[in-house]
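Everything numeric here is computed off the predicted structure, so don't read it as measured data. Residue numbers count from 1 along this sequence.
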Amino acid sequence: MSWLPLSFGAPMVLWGLLALPVIWYLLRLTPPRPRTEVFPPLRILARVLRREETPHQSPWWLTLLRLLMAALVVTALAEPIFNPREKLPAEGSALALVVDNDWASAADWGKRVATAERLIADAGSNGVPVVIAFTAEKPNAEIGPFDASAALDRLRAAKPRPIPTDRPAVYARVAATLERLPGASVAVLADGLAATGDEAAFKTLLEKNAARLVWVTSDRLSLTGLTGADNQVDGFTLTAIRAPGDPAPAQVTAGAFDDKGRRIADATLTFAPGQATATGTMKVPFELRNDFASIALDGEHQAGAVRVLDESSKRRRVGLLSQAEADQAQPLLSPLYYIRRALQPFADLVEPSSADLADAIPQLLDQKPAMIIMADVGTIPAQVRQRLVDWVNNGGTLVRFAGSRLAAAGNDDDLLPVRLRSGERALGGALSWTTPQPVTEFPKNGPFADLAPPTEVTVSRQVLAEPTPDIVERTWATLADGTPLVTGTKKDKGTLVLFHVTPEATWSNLPISGSFVEMLRRIVQLSRNQGAAVANAEAAAASLAPYRMIGADGALVPPTPDARPLVPAAGPLPVTLENPPGLYGSETGVFAHNLLNASSTFTPLARPQVSLPVTAIPYAFDESENLKGPLVTLALMLMVLDTLAVFWMGGLFSRRPRRAAATAAALLIVFGGLFGHADFARADDSKPGDAQAIEDISKTRIAYVITGEPGVDSISRAGLEGLTRFLIEKTALEPGPPAGVDISKDELTFYPLIYWPIDATAPMPSEAAIARIDAYMQQGGTVLFDTRDQFSNGIGAGSASPATERLRDILGNLNVPPLEPVPSDHVLTKSFFILPEFPGRFNGSPLWVEASLDASNTENRPVRTGDGVSPIMITGNDFAGAWAVDENGDPMLPTVPPDPMQRVYALRAGVNIMMYMLTGNYKSDQVHVPVLLERLGQ
């Protein structure tokens, strides 16, 4: 039943409102108000006998209050719902729920989950099973069918993934499941973004066993993605896309972030009306551009709006140097012409103003370039040579091209990667037996390993390298006859590279080929030693481990357990669950794997044309609100007011103010219990009364003295908990949880052993408290004093630690018997484990017990005899520190020295002490010796 915007789950209950007139009639009558009379008894009796009492009408406001309370109860029982939602079509043999949980669904994932929850709830109310599948999960994920509760659990455990959907594979699995459930309702919760294979996927899902289609999608595709971020000469050029056909203009702001997440640049991208592409430029200095680690669109909380950057996007400053002057009439013959054209798109080029090498080289070095290219430069002037060598050693990349000057200059081991032969080698021509040589496959140990060899390139002249044992390792490109074309080597932190041909097309046609551009680009990536992780051949051929991933919401997160190493390859790499978008590599170098590429577009997903009944709904939160709880609460509040009004009318508040206040307070407490529950009990070891006494004697419990120092008390409790666990594991004893006791007021006779950690900063116990300890010890209890200072001789005179001094003050008020270190034949050494010593967290202090002055061992008994159990034990080894464990059972404090067995011996010492407390000198009884010997076969 629905009266918009209000509906009732049980509307028949509203007929109870018809009883309100009857309730009105009944509530009109109230007992007469008591009257106060003077004592004359006959007068009272005469009035009682003569006068007939008649009911008195209740006040109208009280009757109205009660009627309102009854109406609220009836309305609440009718289960009213404000702003009720419409039931969704979730009937049939099953509900197949197919949810897109890819990156495009991350921005409004909450709405998608809320919509799916309503569908599952309606399916549960109809009693139909639910098949639930997600299009961005592993292909072997379980899809059901489930009951409504299990389906809700799987829905709430799912999360958006930063990868595209795989509708064909997932829809095929759902269709195979529906073959066993024909006539099911299929609900498609789509992200609104079309993908390859959608038409065939929908045909597979809907053509056979579906009875109804519930199409759930957003009103419009409002995604904005970042498809390009190119580091150009004047700035970073950004390209963004949106869904086509949007008639409204739009602006988005992009921010650039460094590797620490700091925003260091902004740019605005504008979409014209109806346009799906927008561009913008971040015009900042290239030094700042080199710090860009990622670029993201503001307000777009999804992975498509973020691009991570690697070395390929960082521009380098490259210095160009040549000894030949440029010919303005023939620029193609300039040594630097083809180098400029090759490097200008992805590097900032600087050239000296002077042609003199003594001035030109310092000018370039002052610009702090990442790389310097020398085109046929011969001998380096002595006054600047060392500075150039230092620049290379500190990380610079020096690229040299051969020519007649270099061939005549001779070898330079500090500025050339290989030693050269004098002169030049000519290939082809009328006076040569050889022909121009082509370039072969690039060696696997160089940065050009994954490039295709340029079949059109030939070399007619070159400078030859001296054959040395390491010439193969330093060769990056070779000719068909095996002679090096490009050589390179590392020089401290820098790199030396030599092209054995000239930079113009006189010795070879390499400078006018496309391979020349790619080769220079790879060398630029090697500069500053930041691109080594992905620029060399070994990394290109091997896989790169996940380093930083892009989450579905666009945030950079650590790698997920599903992420696998990535193998870089030419061309776009697919984004999958095993290779999500992000950075791959390590701190020394990374490879950027982004979700969108330059060819990506956003195409809206069209609803499939099917003959099934179709119900289209948008994503939305459930805004309905059940009013039953608020109405019941309001009725209870009115009940409280009614009760107070009755007491007031009865004169309770006017006759005895104190009694009236107490009654009102009691009423508030009683009715407060109807609305909430307040637990005023505090977790404490002491519970007064018989219940606590029964609990304490029902199980054996070890107690510890609460010193008032939180750190000491927490270790004491954790230590006794650790000992309790060990006792349960190793013995038949199952103690209860440790008990903290206040020796000044708690009952001590319930505990066979009390552990007392001595702390000099804790308050000194009162004389009454020490007297209670003394009585406890005289009645058969034992106190284990632990100074925790490993002070072995602190019992006697002499210097002592503060803890030992405090122990002396305490013992001075106790009737302490004579003490001795535990003898080797004492029952404590054999009560459960055989122990020669009693270590704790420390190892060195003896365990002091009552001396057995009259004990004799003349009959060679197995253990020393004694009357009863020692009422006192003293140690300095910090037993509780060794026993203490955390919630997971792991030790809390290290032992000194750090020997793992010392902790084991400490726990065994605790077991022996407990067995000694509970059994006394049982093992010293000679009666058992013959039986033990007989069992041992002796």
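Inter-residue side-chain proximity for Leu398 and Trp391 is flagged as met; some heavy-atom pair is nearer than 4.5 Å. Side-chain contact check for Leu320 versus Val318: some heavy-atom pair is nearer than 4.5 Å. Taking 4.5 Å as the limit, some side-chain heavy atom of Val188 sits within range of a side-chain heavy atom of Leu205. In this structure the side chain of Val214 reaches within 4.5 angstrom of the side chain of Ile617, judged on heavy atoms. You'll find the side chain of Arg118 reaches within 4.5 Å of the side chain of Thr115, heavy atoms only. Put simply, the side chain of Gln363 reaches to within 4.5 Å of the side chain of Ser354, judged on heavy atoms. Proximity of Leu556 to Tyr547: side-chain heavy atoms (C-beta onward) are nowhere separated by under 4.5 Å. A heavy-atom distance below 4.5 Å is not found between the side chains of Val610 and Trp215.
By the salt bridge (charged side-chain N to carboxylate O under 4.0 Å, His left out) test, Asp108 is found to be paired with Arg112, residues two or more places apart in sequence or in another chain being considered. Residues passing the salt bridge (charged side-chain N to carboxylate O under 4.0 Å, His left out) test with Asp191, sequence neighbours excluded: Arg167. With sequence neighbours left out, the side-chain hydrogen bond (donor to acceptor under 3.5 Å, both in side chains) criterion links Gln251 to Thr270. Shown here are the side-chain contact (heavy atoms from CB on, under 4.5 Å) partners of Pro168, two or more places apart in sequence or in another chain: Asp166, Ala201. For Arg521, the side-chain contact (heavy atoms from CB on, under 4.5 Å) partners are Phe346, Glu518, Gln525, not counting sequence neighbours. Partners of Arg156 according to the salt bridge (charged side-chain N to carboxylate O under 4.0 Å, His left out) rule, which considers only residues two or more places apart in sequence or in another chain, are Glu117. For Phe271, there are no ring-ring contact (aromatic ring centres under 6.0 Å, His included) partners two or more places apart in sequence or in a different chain. Contacts of Phe134 classified as ring-ring contact (aromatic ring centres under 6.0 Å, His included), with partners at least two apart in sequence or in another chain: none. Every residue meeting the salt bridge (charged side-chain N to carboxylate O under 4.0 Å, His left out) condition with Arg161, not counting sequence neighbours, appears here in chain and number order: Glu137, Asp562. A search for side-chain contact (heavy atoms from CB on, under 4.5 Å) contacts involving Ala360 returns Leu321, Pro352, not counting sequence neighbours. Considering only residues two or more places apart in sequence or on other chains, Ser599 meets the side-chain hydrogen bond (donor to acceptor under 3.5 Å, both in side chains) condition with Asn597.
Of all the heavy atoms in Pro503 and Phe401, the pair that sits closest is CD-CB, 3.6 Å. What you find for Leu309 and Val590 is that their closest heavy atoms are O-CG2, 4.4 Å. The heavy-atom pair separating Ser515 from Pro454 by the smallest distance is OG-CB, 3.2 Å. In this structure, Ala296 and Val306 approach most closely via the heavy-atom pair CB-CG2, 3.9 Å. Between Ile339 and Pro335, the shortest heavy-atom contact is CD1-O, 3.9 Å. The minimum heavy-atom distance between Pro164 and Ala136, with the atom names listed, is O-CB, 4.2 Å.
Without hydrogens or angle criteria, Asp122 side chain to Leu119 main chain gives no donor-acceptor distance under 3.5 Å. Formation of a donor-acceptor pair under 3.5 Å by the Asp553 side chain with backbone atoms of Ala555 is found in this model. With hydrogens and angles disregarded, a donor-acceptor distance shorter than 3.5 Å links the side chain of Asn579 to the backbone of Arg564. Between the side chain of Gln302 and the backbone N or O of Gly304, at least one donor-acceptor pair lies under 3.5 Å. The closest donor-acceptor contact from the side chain of Arg317 to the backbone of Gln367 lies under 3.5 Å.
Listed by first then second residue, pairs satisfying salt bridge (Lys or Arg N to Asp or Glu O under 4.0 Å) with a partner in residues 242-257 read Arg220-Asp246, Arg242-Asp246, not counting sequence neighbours.
Distance check: Glu300 CD to Leu226 CG gives 10.5 Å after rounding to the nearest 0.5 Å. To the nearest 0.5 angstrom, Leu577 atom CG is 7.0 Å from Thr560 atom OG1. In this structure, Met374 CE and Ser322 OG are separated by 11.0 Å, a value rounded to the nearest 0.5 Å. A distance of 7.0 Å separates OG1 of Thr253 from CG of Asp266, quoted to the nearest 0.5 Å. With rounding to the nearest 0.5 Å, the separation of CG in Leu612 from CG in Leu213 is 6.5 Å.
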Run the numbers on Arg522 and Trp476 for side-chain contact (heavy atoms from CB on, under 4.5 Å), then give the verdict. CA-CA 12 Å; Arg522 294 299 173 86; Trp476 290 2; over 6 Å; no

Using the rule given for side-chain contact (heavy atoms from CB on, under 4.5 Å), can you reason through Asn509 versus Phe516, listing the C-alpha separation, both sets of side-chain angles and the distance that settles it, and then say yes or no? CA-CA 10 Å; Asn509 59 351; Phe516 186 71; over 6 Å; no

Is there a salt bridge (Lys or Arg N to Asp or Glu O under 4.0 Å) between Arg548 and Asp259 once you walk through the steps? CA-CA 11 Å; Arg548 291 287 185 273; Asp259 55 359; over 6 Å; no

Ile550 and Leu595: CA distance, side-chain angles, deciding distance, side-chain contact (heavy atoms from CB on, under 4.5 Å) verdict: CA-CA 9 Å; Ile550 301 176; Leu595 178 67; over 6 Å; no

Residue pair Asp298, Arg263: steps toward the side-chain contact (heavy atoms from CB on, under 4.5 Å) verdict: CA-CA 11 Å; Asp298 293 344; Arg263 192 181 186 110; 2.8 Å; yes

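Considering Thr165, Thr217, Thr135 as possible partners of Asp100, the one that fulfils the side-chain hydrogen bond (donor to acceptor under 3.5 Å, both in side chains) test is Thr135.
Side-chain contact, Glu456 with Ser513: no donor N or O sits under 3.5 Å from an acceptor N or O. In summary, the side chains of Asp230 and Thr237 do not present any donor paired with an acceptor at a separation below 3.5 Å, with no hydrogens or angles considered.
No more than 12 heavy-atom neighbours from other residues, nucleotides or ligands sit within 6.0 angstrom of CD on Glu199. Within 6.0 Å of the CZ atom in Arg341, the count of heavy atoms belonging to other residues, nucleotides or ligands does not exceed 12.
Between Phe292 and Phe236, the distance from one ring center to the other falls under 6.0 angstrom. Ring centers of Phe591 and Tyr584: at least 6.0 Å apart, outside the cut-off.
Ring planes of Trp103 and Phe602: tilted class, angle from 30 to 60°.
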